Asker: 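Supplied in structure tokens, the structure appears directly below.
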Amino acid sequence: MFAVIRDLARYNVEFAAGTLLVGIIVIFALASFFAPAPPHLIYVVPPDMPPSTTYWFGTNSRGQDLFWQLSFAFRNTLSFGLMVAVISRIISITVGLLAGYVGGWMDRVLMFFNDIFVSLPVFPILILFYFVLRSNLDMFTLALIMGCLGWPFDARLIRSVALGLRHREFTRHAVFSGMSARKIMFEEHLPYVMPIVFATAIANMIWSIGLEVTLAVLGFTNINVPTVGTTLYWANNHSAMVVGVWWWILIPVVLIVILFIGLFLLTVALNEYIDPRSRLRRIGGA
Amino acid sequence: MRDYLTFVLKRLVQLAAVVFAGISAAFFITHMSPISPVEMIVGRVAAQASFSPQALQDLREALTELFAADLPLHIKYLNFWARFVVGDLGPSLIAFPTPAMQLVMRALPWTVGLLAVAIVMSWTIGNLLGGLAGYYQNNRFLKAFGVVAMGIQPIPYYIVAFLLVLIFGYFWPVLPISGGFAMNVRPGFTMEYILSILHHSILPAASLVIVGLGISFLGMRALVSNIVTEDYVTYAELAGVKSERVVFFYVIRNAAVPQLTGLAMALGGIFSGTIITEQVFGYPGLGTLLVTAVNGGDTTLVLAVSSMAVVAVASAIFVIDLLHPLLDPRVRVK
């Protein structure tokens, strides 16, 4: 595990850059534990102050220090992304390994559902949930819903690897020595798909955080929980651009772009690691 | 040919399943809503003037009959399908009594037009450049383009659209940032109207193209950089086939097939992007309609828009899948 990370950091510029960018955001998010005021309080500092040495990121029209506000926002956004990633990983690993190992009718049925989920437009469905739940749509419910929608691509990937593993010698050995199907799937096959699971988990976080930002900007989530999306929602709500409070919009946008690029570089690096041909090309000749 | 027909038939079954599942989900989710359309209209009417309680009660009964609000859920569900087939989902709330389907049909061409242009443009340009970047790996311009694409591709549509509004509406106001056509132009088959539509669609289309371009560029580059190591490419190069011919007819031609499948799978996501893009630019399409309907608490219209979205996305994927055998002779022969 550590050898892998060391190799990646040494030979892969994308991995190093990605880790750095994501690391900055994670540290920034962790800073929220030392915040001087809880995020839901308003008018704790003078409103509309531009970035200065006292208020690094300025203050917004609601009288909140943007540095701490955004720190909370990134903590919530990151944990939201992680929640969705974990929930959808559980589903995609189970479906992928089952379809790949058991095969036959199980494979056909699961992939039939998989194809249905791939073709469903996710965003209108999320809006429907908001339409019904309104402000009851808290972060965990939203994460649960998105986790249940975000698994099909990755399940198909995992299935394709599991299909190949089924005919390998060690699987046959395991079957003949009386291992149960569940044990074979989760103890023998799971380690082989773990790199894919990690790479797709990060890609999944990009997807879910992007959707959360989009939903929140429209005001379609619980707008009182600080996330990157709700920060932008309040900025638009107070017409920050017209009033001239540009830092209220620019700083969250820049930070979220940093996070997205960092996460994306990590997926690229991991995908290259999974593909031995491109790994060899990088380490060996060029 | 017969194999192609079985393929089409299988895909048709799948299309039907997707449409059925999607619309059923939309129906049941919207009917969990606590908002009653009847009470909503009664409340709106009662707020404007004072009426006798008897008149309000009569109105309530008439509306209950109109919306069939007192039936049990499974009967509503069956009725819904019966009416969906003939394309009548009942009156909308926010524009009462205009039928919801009429509003949807008014918005649909805008979304389809915007999406079609954006997808065709980003897919073709992205794949061509991506193919060239994968083949000529030392070209400086293409390398730089790759870095830019990597930076832009993961950014959500909303942020890109928002940045475009800031740049072209605030710092350098040269392009219209809102609406489908200019206010002073009369809709009709005139040159002025068409030009106005094109003018207003530049920014929304650009925001979709910018993100889509990156996706197909990176996918194609990854595919091609694997294909160039294949024996047949080396052989063609050694045999003296011109390199342009190798790129376009040997390499990109082969990589285009999985890219088409990729497009079909990404279509749902692109559609989600359109909703938010339309909202940012105030474009009169399905996305704007959906957001307006949600904010107005209009169950019928929300259901109509999301059903139409499911049908539209599923059929577009279906059409792309049907093109697959035409592009890939191996599928055709088998």
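In what follows, every chain begins at residue 1, and chains take the letters A, B, ... in the order their sequences are listed. Treat the numbers as computed from the prediction; the structure is a model and nothing was measured.
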Asker: Taking everything shown except B:F318 itself, do over 12 heavy atoms lie less than 6.0 Å from its CZ?
Answerer: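 Correct, the count exceeds 12.
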Asker: Could you pull out the closest heavy-atom pair between A:L128 and B:T30, with the gap in Å?
Answerer: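 Nearest heavy atoms, A:L128 then B:T30: CD2-CG2, 3.4 Å.
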Asker: Can you name the nearest heavy-atom pair linking A:F264 to B:M150, along with the distance?
Answerer: CD2-O, 3.5 Å
Asker: If you count heavy-atom pairs within less than 4.5 Å of chain B, which of A:V217, A:V118, A:T267 leads?
Answerer: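 Option with the greatest count: A:V217.
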Asker: Using a 4.5 angstrom heavy-atom cutoff, name the option from A:G210, A:A203, A:S119 with the most pairs to chain B.
Answerer: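 Heavy-atom pairs under 4.5 Å are most numerous for A:S119.
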Asker: Identify the heavy atoms of B:A21 and A:I116 that sit nearest to each other, and give their distance.
Answerer: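 Shortest heavy-atom separation between B:A21 and A:I116 comes out as CB-CG2, 3.9 Å.
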Asker: I need the A:F131 CZ to B:D298 CG distance, nearest 0.5 Å.
Answerer: 7.0 Å
Asker: Under a 4.5 Å cutoff for heavy-atom pairs, which residue among A:I125, A:T214, A:L265, A:V213 has the most contacts with chain B?
Answerer: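 Heavy-atom pair counts peak at A:T214.
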Asker: So which part of B:L15 gets closer than 4.5 Å to some heavy atom of chain A, the side chain, the backbone, both or neither?
Answerer: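 Answer is neither: B:L15 stays 4.5 Å or more from chain A.
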Asker: Any non-hydrogen side-chain atom of B:I275 less than 4.5 Å from a side-chain atom of A:P124?
Answerer: yes
Asker: Which heavy atom of A:V122 sits nearest to which heavy atom of B:S272, and what is that distance?
Answerer: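 Taking every non-hydrogen atom into account, N-OG, 4.2 Å.
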Asker: Run the numbers on A:F220 and B:V291 for side-chain contact (heavy atoms from CB on, under 4.5 Å), then give the verdict.
Answerer: CA-CA 9 Å; A:F220 287 176; B:V291 174; 3.9 Å; yes
Asker: Using non-hydrogen atoms only, which part of A:F117 is less than 4.5 Å away from chain B: side chain, backbone, both, or neither?
Answerer: neither
Asker: Could you grab the distance from atom CD1 of B:I276 to atom CG of A:L218, nearest 0.5 Å is fine?
Answerer: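 Separation between the atoms: 4.0 Å.
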Asker: State the CZ-CG distance between B:R11 and A:D115, to the nearest 0.5 angstrom.
Answerer: 7.5 Å
Asker: If I measure from the heavy atoms of chain B, does A:L250 come under 4.5 Å with its side chain, its backbone, both, or neither?
Answerer: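 Interface part for A:L250: neither.
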Asker: Under 4.5 Å between any side-chain heavy atoms of A:I127 and B:V302, yes or no?
Answerer: no
Asker: List the atom of A:L120, the atom of B:G22, and the distance in Å for their closest heavy-atom pair.
Answerer: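 Looking at all heavy atoms of both residues, the closest pair is CD2-CA, 3.5 Å.
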Asker: Which region of A:L259, side chain (C-beta onward) or backbone (N, CA, C, O), has a non-hydrogen atom less than 4.5 Å from a non-hydrogen atom of chain B, or is it both or neither?
Answerer: neither
Asker: Find the distance between CD1 (A:I261) and CD1 (B:I155) and round it off to the nearest 0.5 Å.
Answerer: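 Answer rounded to 0.5 Å: 5.0 Å.
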Asker: Between A:L215 and chain B, with a heavy-atom cut-off of 4.5 Å, which part of the residue counts as in contact: side chain, backbone, both or neither?
Answerer: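 Interface part for A:L215: neither.
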Asker: Output, in order, the C-alpha distance, side-chain angles, deciding distance and verdict of side-chain contact (heavy atoms from CB on, under 4.5 Å) for A:W246 and B:L166.
Answerer: CA-CA 11 Å; A:W246 50 267; B:L166 283 189; over 6 Å; no
Asker: How long is the span from the CD1 atom in A:I249 to the CZ atom in B:F162, to the nearest 0.5 Å?
Answerer: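 Going from the CD1 atom of A:I249 to the CZ atom of B:F162 covers 3.5 Å.
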Asker: Non-hydrogen atoms of chain A under 4.5 Å away: do they reach the side chain of B:I152, the backbone, both or neither?
Answerer: neither
Asker: Please flag which part of A:I206 lies under 4.5 Å from any non-hydrogen atom of chain B: side chain, backbone, both or neither.
Answerer: side chain
Asker: Within this structure, what is the CG-OH distance for the pair A:L211 and B:Y158, rounded to the nearest 0.5 Å?
Answerer: 14.5 Å
Asker: Would you please test A:L232 and B:I159 for side-chain contact (heavy atoms from CB on, under 4.5 Å) and show each step?
Answerer: CA-CA 10 Å; A:L232 289 173; B:I159 306 276; 4.2 Å; yes
